[in-house]
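Only one structure is covered here, and it is reproduced in the block below.
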There are 2 protein chains.
Amino acid sequence: MEKIPTIKDIAKRLKISASTVSRALHGHPSIGLVTTMRVNKIASELNYIPNKAAISFKQGKTCTIGVILPDFSEAFFASALSAIEDYASKKSYNVFIGQSLENPEKERSILETMKNHRLDGIIISLSKNTKNFEIFEQLKKYNIPVVFFDRIPGLNDIHYSACNLQPGMQQAVDCLIEKGHRNIGLINGPSPLEASKERLDSYKTALGKHGIVINDDLIVSSDLSSTQNQYAMRRLLSLTTKPTAVIAFNDYVARDAMAIVKSNNMIVNHDISFISFANLPIWSFIDNPPLASIEQFPKEQGIKAAEILFELIDSQLEEVPSAPVFHRALFDASMVSYRVNSVA
Amino acid sequence: MEKIPTIKDIAKRLKISASTVSRALHGHPSIGLVTTMRVNKIASELNYIPNKAAISFKQGKTCTIGVILPDFSEAFFASALSAIEDYASKKSYNVFIGQSLENPEKERSILETMKNHRLDGIIISLSKNTKNFEIFEQLKKYNIPVVFFDRIPGLNDIHYSACNLQPGMQQAVDCLIEKGHRNIGLINGPSPLEASKERLDSYKTALGKHGIVINDDLIVSSDLSSTQNQYAMRRLLSLTTKPTAVIAFNDYVARDAMAIVKSNNMIVNHDISFISFANLPIWSFIDNPPLASIEQFPKEQGIKAAEILFELIDSQLEEVPSAPVFHRALFDASMVSYRVNSVA
DNA sequence: CTGTTAGCGCATTCAG
DNA sequence: CTGAATGCGCTAACAG
């Protein structure tokens with residue numbers, strides 16, 4: 001095990017002071033060309049590597065952002081993470097990650113850790129059951145910018161990048177109505193989730209525009225587990241006026257619901273049509289996918305979150321703390337059709 | 001913007017020394033109960049948070065591991081990352097990420113950064129074209145343990161967690177032979193990739209066991225881009241003795257190849273059967289998936305890599321540097337059938 | 001049981 | 001142009 005060389009080692013070798021070395025390494029203009037070159041030479045000879053931990057410590061700046069998402073193995077979040085990492089790396093920033101796994105306590109502890117690390121900023125997609133936003137107050141107090149991503153809290157004074165579902169939902173409903181559907185079911189997510197409320201509202205709005213009276217029986221919800229997804233679909237099938245089309249919270253829900261339909265010897269997209277929200281990049285090469293999926297642009301949303309975050313980080317460097325502006329990026333979800341012909 | 005309180009602030013408030021505060025905060029036994037309690041009280045009052053950057057700096061230990069993968073948005077790597085993060089967080093370790101995007105220079109620069117950060121260890125899945133392993137020598141010299149994951153280099157003195165494809169390949173070939181196939185094609189990945197060599201070798205071995213002579217025309221390869229995947233399949237279809245079954249490098253390749261088959265008005269799994277290697281968790285709910293897929297256990301492989309890494313990290317704390325042991329975990333890939341009945 | 005001191009690696013202010 | 005001195009926040013060896 002070898003000792004990693006420090007600035008002092010190269011100072012000693014050259015019999016000059018550490019500060020000169022430091023300056024030379026940074027190309028400081030006040031250092032003579034010869035000295036600078038000699039320093040650089042020895043530095044690379046010794047394989048000198050600046051100790052980032054020390055620099056972060058000294059400068060109170062870590063050049064690192066944190067990204068907290070519920071589950072990296074979900075395609076939607078994985079795409080977002082990938083895009084955020086790419087963006088950050090182009091800004092020469094590092095990325096620290098945390099996975100809440102939908103557990104508010106774990107989420108809280110991750111945030112705590114990131115705060116302790118003095119990360120320069122955080123992008124977070126809330127867990128499903130996060131109720132307590134007190135820690136975000138603290139982060140604000142200590143000037144650690146936070147950008148919410150996709151799953152945003154119902155607060156006013158926040159920055160976020162999210163998706164406006166209404167346009168996509170409207171397109172979906174329009175499309176189903178046009179195909180003659182009148183009983184359109186909704187398998188929603190858990191009601192505390194902002195995303196669920198939004199789906200529900202836009203579902204009602206969209207149907208309302210066609211003068212269709214809302215039938216509450218056609219609205220069921222699930223905690224997004226496979227079991228409950230399936231149970232939700234079973235409840236829809238048990239209705240006397242079964243839906244002829246179903247809008248699913250996301251692709252996983254659609255998958256489970258479609259499985260139930262099949263197991264009841266009904267034909268997907270014939271007996272019951274589906275439209276879902278896109279978390280999976282897979283329907284495009286599946287034989288009998290839903291009619292359509294509503295794209296939510298994980299990469300674009302992620303990049304936007306990163307853009308906002310870096311704007312906030314950069315603006316901190318300014319002297320005058322201008323009046324707080326809250327950045328809110330809202331993408332219009334839009335429907336992507338998977339099939340031109342119906343199965344019939 | 002408020003100043004984040006330090007250990008000194010607490011000390012001042014209580015008119016005691018900083019070291020006493022430090023010890024109290026750590027529950028050091030030599031500190032009086034009253035003092036300890038008073039310190040804790042003020043600490044929580046002030047919302048004291050230890051500065052991890054300072055601690056890392058001081059202790060020369062970051063409690064952070066790095067994970068470098070080619071692309072987080074690929075399901076296989078996303079699952080692995082998720083599992084590794086989960087494992088690390090249970091060990092109270094943080095995770096730094098980097099995405100090589102198959103670019104050796106970017107990979108190199110990420111490794112450099114992680115070295116600068118004095119990360120306690122690194123898990124890496126190499127980019128497709130990494131040729132230069134010099135930096136790994138440096139990391140070893142500076143005692144930063146590295147565990148290779150899935151895409152491993154052809155070196156001897158390394159730790160890794162990977163997948164032994166042979167058993168899965170054998171099962172696949174056995175299965176196809178049993179169904180009467182004799183012309184079995186292979187769409188392989190780029191030849192520099194260890195994973196490609198392994199597939200090729202095990203393909204030959206597996207066929208050899210059935211006494212089948214290798215027909216080199218049936219072996220094509222692709223750089224894994226959609227274009228080349230499709231081109232590879234077209235070449236197979238252009239042969240005078242077309243294959244009746246194809247083993248694909250991974251699920252993406254299979255997808256593209258199957259698309260070509262369809263566009264040639266042939267029926268997948270009827271005219272040409274497919275078996276692929278599993279990177280996607282999706283075939284299980286697709287109507288006409290490949291016959292089977294060879295599971296490579298991303299989560300298990302990832303966890304194993306983490307286990308090895310932490311063992312290495314822990315063993316560094318020991319006095320006697322025991323003779324170097326190289327940890328090598330090899331999972332047996334195994335075939336998962338998706339369909340009992342053929343389409344015929 | 002507690003205070004004093006020193007130092008981790010580096011950038012920076014102040015003196016030359 | 002360069003060196004000496006300082007301190008970031010914290011821990012630990014050394015004194016009491």
Side-chain angles (χ1 to χ4, degrees), chain A residues 1-40 42-43 46-63 113 115-120 142-143 317, chain B residues 1-40 42-43 46-63 113 115-120 142-143 317:
Chain A
M1 155 112 185
E2 224 164 298
K3 191 193 160 294
I4 304 185
T6 75
I7 205 172
K8 281 185 190 167
D9 295 320
I10 102 173
K12 244 176 268 174
R13 282 274 237 114
L14 256 44
K15 297 198 172 100
I16 57 177
S17 80
S19 33
T20 304
V21 175
S22 170
R23 282 184 279 236
L25 254 17
H26 288 256
H28 195 288
S30 77
I31 299 294
L33 191 58
V34 254
T35 324
T36 305
M37 292 208 314
R38 290 205 308 155
V39 167
N40 283 325
I42 299 293
L46 294 182
N47 274 317
Y48 167 76
I49 45 179
N51 183 333
K52 285 243 188 195
I55 297 174
S56 298
F57 164 60
K58 168 94 176 121
Q59 320 241 297
K61 195 166 179 292
T62 52
C63 281
T113 308
K115 192 179 63 176
N116 294 0
H117 268 279
R118 308 292 192 268
L119 296 196
D120 294 341
Y142 294 148
N143 237 20
L317 305 175
Chain B
M1 156 109 182
E2 224 162 297
K3 190 192 159 297
I4 304 187
T6 76
I7 207 171
K8 280 185 188 166
D9 296 320
I10 304 185
K12 243 178 269 172
R13 282 273 237 115
L14 257 45
K15 299 196 171 99
I16 58 177
S17 81
S19 38
T20 305
V21 175
S22 169
R23 282 185 281 236
L25 253 19
H26 288 237
H28 196 288
S30 77
I31 298 295
L33 191 59
V34 256
T35 325
T36 305
M37 293 210 312
R38 290 204 309 156
V39 167
N40 283 325
I42 299 293
L46 294 182
N47 275 316
Y48 167 76
I49 46 180
N51 184 332
K52 286 243 190 194
I55 297 174
S56 297
F57 164 59
K58 168 91 178 126
Q59 321 240 302
K61 194 169 181 290
T62 52
C63 281
T113 307
K115 191 180 64 178
N116 294 1
H117 269 278
R118 309 291 192 268
L119 295 195
D120 294 340
Y142 295 148
N143 236 21
L317 306 175

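Proteins get letters first, then strands, A, B, ... in listed order; numbering begins at 1 in each.
- Inter-residue side-chain proximity for P50(B) and L25(B) is flagged as unmet; no heavy-atom pair is nearer than 4.5 Å.
- One finds the CD1 atom of I49(B) at 8.0 Å from the CG atom of N47(B) (value rounded to the nearest 0.5 Å).
- Qualifying side chain to side chain contact (heavy atoms under 4.5 Å, CB included) partners for A54(B), counting only residues two or more places apart in sequence or in other chains: F57(A), N51(B).
- Comparing A18(B) and P5(A) against DNA chain C, the residue whose closest nucleotide sits nearer the 5' end is A18(B).
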Give the intermediate values and the outcome of side chain to side chain contact (heavy atoms under 4.5 Å, CB included) for residues V39(B) and I16(B).
CA-CA 10 Å; V39(B) 167; I16(B) 58 177; 3.9 Å; yes
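- Counting heavy atoms from C-beta outward, L14(A) and V21(A) have side chains that stay 4.5 Å or more apart.
- Judged as a side chain to side chain contact (heavy atoms under 4.5 Å, CB included), and not counting sequence neighbours, K58(A) has no contacts.
- Partners of I31(A) according to the side chain to side chain contact (heavy atoms under 4.5 Å, CB included) rule, which considers only residues two or more places apart in sequence or in another chain, are T20(A), R23(A), A24(A), H28(A), T35(A), T36(A).
- Residues meeting the side-chain hydrogen bond (donor to acceptor under 3.5 Å, both in side chains) test with S19(B), sequence neighbours left out: S17(B).
- Listed by residue number, H26(A) are the residues of residues 24-32 of chain A with a heavy-atom contact under 4.0 Å to DNA chain C.
- Here T6(A) contributes atom OG1 and K12(A) contributes atom NZ; the two are 7.0 Å apart, rounded to the nearest 0.5 Å.
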Look for any protein N or O under 3.5 Å of an N or O in nucleotides 6-9 of chain C and output each such pair with its distance, or none.
| residue | atom | partner | partner atom | Å |
| --- | --- | --- | --- | --- |
| dG7(C) | N2 | K58(B) | NZ | 2.8 |
| dC8(C) | OP2 | K8(A) | NZ | 3.2 |

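- Interatomic distance, CD1 of I10(B) versus CD1 of I42(B), reported as 8.0 Å (0.5 Å rounding).
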Can you check nucleotides 13-16 of chain C for protein contacts, nitrogen or oxygen pairs under 3.5 Å, and list what you find?
| residue | atom | partner | partner atom | Å |
| --- | --- | --- | --- | --- |
| dT13(C) | O4 | R23(A) | NH1 | 3.2 |

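- D9(A) meets the side-chain hydrogen bond (donor to acceptor under 3.5 Å, both in side chains) test with K3(A); sequence neighbours excluded.
- Separation of atoms OG1 (T113(A)) and NZ (K52(B)) is listed at 5.5 Å; rounding is to 0.5 Å.
- Residues passing the side chain to side chain contact (heavy atoms under 4.5 Å, CB included) test with T62(B), sequence neighbours excluded: S56(B), T64(B), R118(B), L119(B), D120(B).
- Taken together, the paired segments of DNA chain C that extend over three or more consecutive Watson-Crick or G-U pairs, each closer than 3.5 Å at both contacts, are C:1-16 with D:1-16.
- The OH atom of Y48(B) sits 11.0 Å away from the CG atom of N40(B) when rounded to the nearest 0.5 Å.
- The heavy-atom pair separating L46(A) from Y142(B) by the smallest distance is O-OH, 3.8 Å.
- Chain A approaches DNA chain D within less than 4.0 angstrom (heavy atoms of the protein), and the contacting nucleotides run 5' to 3' from dC1(D) to dG9(D).
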